[in-house]
Participant: 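Have a look at this one.
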Amino acid sequence: MKRSHLAREIVETVALTILIFLAIHFTVQNYQISGPSMENTLHSGQFVLVNKLAYLFHAPERGDVVVLQEPDVPSRDLIKRIIGLPGDTIKLDGTNVWINGVLLNEPYITQKSNPGAETMKIPANDYFVMGDNRPISEDSRYFGFVPRDFIIGKAILVYWPLSQWQVINTYPSVFSQIK
């Protein structure tokens, strides 16, 4: 009897371990920042925790920092800030960004920089993303809109290195006046 009890305990422990592993695997992901496109918010070498279920019950919001598949190279993951939502009109000039006629005051960017001027309407189910380090970021200004299905999850905190631990700021006040 003792052997069957021990075997049952082992099977239950292994099953619970697998269940916990799968639950974590499908809900959160770590992502290592590579490159300077999100400076000064995020820096190369930092690790962030990504909530893969963040958009299960609501859509991505302006200001969210997301990990996404690059539309031109879906095997490559990027991290960017959502600037425009489906149906928004984005206007860019050499320095500024407007959403639905509202000029953005963006405290998170390193410097204002846009390569050219254009106005575009974001299609349904697509998003417009930009890096915080505008002069060097490859983002929607280059590869176009990001389909909703390409957004992997919302980056919620920097957890490594420990000395740089922080919750990632989505700057809701910057986007609150946009309708």
Participant: Can you tell me how far the CZ atom of Phe128 sits from the CD1 atom of Ile82, to the nearest 0.5 Å?
Facilitator: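 One gets 12.0 Å once the value is rounded to the nearest 0.5 Å.
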
Participant: Examine the side chains of Asn40 and Thr110 and answer whether a donor and an acceptor come within less than 3.5 Å of each other.
Facilitator: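 Distance-only check fails for Asn40 and Thr110.
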
Participant: Is atom CD of Glu138 surrounded by more than 12 heavy atoms (other residues, nucleotides or ligands) closer than 6.0 Å?
Facilitator: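 Result for CD/Glu138: open.
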
Participant: Students often mix this up, so state it plainly: with edges at 30° and 60°, are the rings of Tyr159 and Phe47 parallel, tilted or perpendicular?
Facilitator: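 Rings of Tyr159 and Phe47: tilted, 30 to 60°.
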
Participant: Using side-chain heavy atoms (C-beta onward) and a distance below 4.5 Å, is Glu106 in contact with Ile83?
Facilitator: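 Glu106 vs Ile83: side chains touch.
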
Participant: What's the separation between atom CZ in Arg134 and atom CG in Asp139, rounded to the nearest 0.5 Å?
Facilitator: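 Result: 7.0 Å between the selected atoms.
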
Participant: Could you grab the distance from atom NZ of Lys80 to atom CD1 of Ile151, nearest 0.5 Å is fine?
Facilitator: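 That separation rounds to 13.5 Å.
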
Participant: Using 0.5 Å steps for rounding, measure from the CG atom of Asp88 to the CE atom of Met120.
Facilitator: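 Output value for this atom pair is 11.5 Å.
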
Participant: Just verifying a value: how many Å separate Ile168 CD1 and Asp64 CG, rounded to the nearest 0.5 Å?
Facilitator: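 Going from CD1 on Ile168 over to CG on Asp64, the span is 10.5 Å.
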
Participant: State whether the side chain of Asn100 and the backbone N or O of Lys179 hold a donor-acceptor pair below 3.5 Å, judged by distance alone.
Facilitator: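 Yes; judged by distance alone, with no hydrogens or angles, the pair exists.
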
Participant: How about Tyr142 and Asp72: does a side-chain donor come under 3.5 Å of a side-chain acceptor?
Facilitator: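 Checked: Tyr142/Asp72 side chains show no N/O donor-acceptor pair below 3.5 Å.
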
Participant: Do the non-hydrogen side-chain atoms of Ile99 and Phe175 ever get within less than 4.5 Å of each other?
Facilitator: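 Yes, close enough: below the 4.5 Å cut-off.
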
Participant: Calculate, to the nearest 0.5 Å, the distance between atoms CG and CD1 belonging to Leu104 and Ile90 respectively.
Facilitator: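 Atom-to-atom, Leu104:CG and Ile90:CD1 are 7.5 Å apart.
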
Participant: Indicate yes or no for a side-chain donor-acceptor contact from Gln46 to the backbone of His43 under 3.5 Å, with no hydrogens or angles considered.
Facilitator: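 Here the side-chain-to-backbone pair exists.
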
